[in-house]
Every structure is written in structure tokens, then in C-alpha cells.
Amino acid sequence: MSLRKIGILLSGRGSNFEAIQRAIAAGTLDAEIAVVISNREAAPGIETARRFGLKTVVMPSQGVPREQFDRELVRVLNEHQVDLVCLAGYMRLLSGYFVQAFPQRILNIHPSLLPSFPGLDAQHQALDYGVKYTGCTVHFVDEHLDNGPIVLQAVVPVEDNDTYETLSARILAQEHQIYSKAIGIVLRGEYRIEGRRVICV
Ligand code: GAR
């Protein structure tokens, strides 16, 4: 039987989370959002989740030691029987403890073609570097920043007159497409991992 229950971790706007929820509502993704967790009280995404009637948990992380925080996070995710953790604009590094609690069961979306431009402000990094193409990446999360095996990527052209805003919007539209697709592949088990390569089967 395929896995179904997703736990969403977010810190901000939550548009990727909304796109996942839309795909579920439209029937293109067979999954259930078991819980949406924010480490920031004021994250607009958590308000959206409440409006959708989803189970929400706010766990302020500021000043809490990483592993102590992550232990509580793992407890809450397990309490909701989460099969797959989806980071959706979750702006906090995960501890080894967390990663080991969900081996190959954590996905992240990042607004660049990894391994280019990891970390913060990937769109600024792409503009500053002068690349002609950038994009977005859905990858498994390991203990290193923006590093695990890549499930899907989408390529986005950089136009000469792009600003941070116009480029970010073009990338975000692709993020909203590929995240749900990648979640479906992983939940249905339609892949195998060979070294760093995720082979879709
Ligand atoms: C997205 O662009 C996502 O790729 C990025 O934060 C934004 C969150 O938007 N994540 C990272 O940069 C992680 N390194 P959202 O809250 O509207 O989904």
C-alpha cells in the first residue's frame, strides 16, 4: 500500500503548501495533509492552513536549541502518523536527529538548479552570477544544506530585464508544479535511489 500522510513544515507565505493542497483537492495527488507545522507564529501559511480546516501546530523556534526543538517536532509528526515530511519554505536547518528519524522521508523544494546556488536568496545569487537559466529542485533532505538526492528539477530562463521579483515569480510557478509531482512519485514508491541518483520507475 502506498504512503499517504504528509506533514508540512513552513516558516512563511506557504504558497507551495497551498499548491500541494490544491493538487490533493483536485485529485491529482493522492495524499492527506496530516498536520501543518510552523516555527513562526506570524507565518501567513499557518493562517491559510487554519482556513482550510487542517490540523495546525505553531512551535516557535527562536532561541530553542536545534536538537531540543527537533525532538519535539519529531514527536508531533509521529503523533500525526506522518509518512513523508515536506519542507515548504521552512527556513531552519534540520538536526541529524531529525533527518535520522525520517530516513529518505523528507523532501525540500529549493529555488535554484542545485547544486548551484544553495542556501539563502538563491534567486539573487542566480541574478548576481549572471546565469541564463536557473530553476527549482525537489530533493531528499540529508544532514547537509540543500544536498540530498534530486527527485525533480524544472528549468527557468533568466530574462535580461528580470528583477528579483519577476524571476522569483517565474521560478515559483514551476515550484508549484514539480513539488506535487515529486511527492506523488515518492508516496507511490515509483523510484529507487542509486548513489546520488533518483531513478523514477
Ligand atoms: C520558495 O521559493 C522555496 O523554494 C524557498 O522559499 C520559498 C517559500 O515560498 N525555499 C528555500 O529557499 C529553502 N532553501 P512559499 O512559502 O510561498 O512556499
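One-based numbering, in listed order, for ligands and for the atoms of each.
Looking at R50 and E47, a side-chain N of the basic residue comes within less than 4.0 Å of a carboxylate O on the acidic one, giving a salt bridge.
Applying the side-chain hydrogen bond (donor to acceptor under 3.5 Å, both in side chains) criterion to D70, with sequence neighbours excluded, gives S95.
Both the sub-6.0 Å distance and the 45° axial angle are not jointly satisfied by R105 relative to the ring of F140.
Taking the six-membered ring for Trp and thresholds of 30 and 60 degrees, F52 and F17 have ring planes inclined between 30 and 60 degrees apart.
No hydrogens or angles considered: nothing links the side chains of Q123 and E165 as a donor-acceptor pair under 3.5 Å.
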May I have every N or O pair linking ligand 1 to the protein at under 3.5 Å, one per line with atom names and distance?
| from | atom 1 | to | atom 2 | distance (Å) |
| --- | --- | --- | --- | --- |
| ligand 1 | 2 (O) | E175 | OE1 | 3.2 |
| ligand 1 | 2 (O) | E175 | OE2 | 2.9 |
| ligand 1 | 4 (O) | E175 | OE1 | 2.8 |
| ligand 1 | 4 (O) | E175 | OE2 | 3.3 |
| ligand 1 | 9 (O) | R13 | NH2 | 3.1 |
| ligand 1 | 14 (N) | H110 | ND1 | 3.1 |
| ligand 1 | 16 (O) | G14 | N | 2.7 |
| ligand 1 | 17 (O) | R13 | NE | 2.6 |
| ligand 1 | 17 (O) | R13 | NH2 | 3.2 |
| ligand 1 | 17 (O) | S15 | N | 2.8 |
| ligand 1 | 17 (O) | S15 | OG | 2.6 |
| ligand 1 | 18 (O) | S15 | N | 3.4 |
| ligand 1 | 18 (O) | N16 | N | 2.9 |
| ligand 1 | 18 (O) | N16 | ND2 | 3.0 |

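Residue R75 places its CZ atom among more than 12 non-hydrogen atoms of other residues, nucleotides or ligands, all under 6.0 Å distant.
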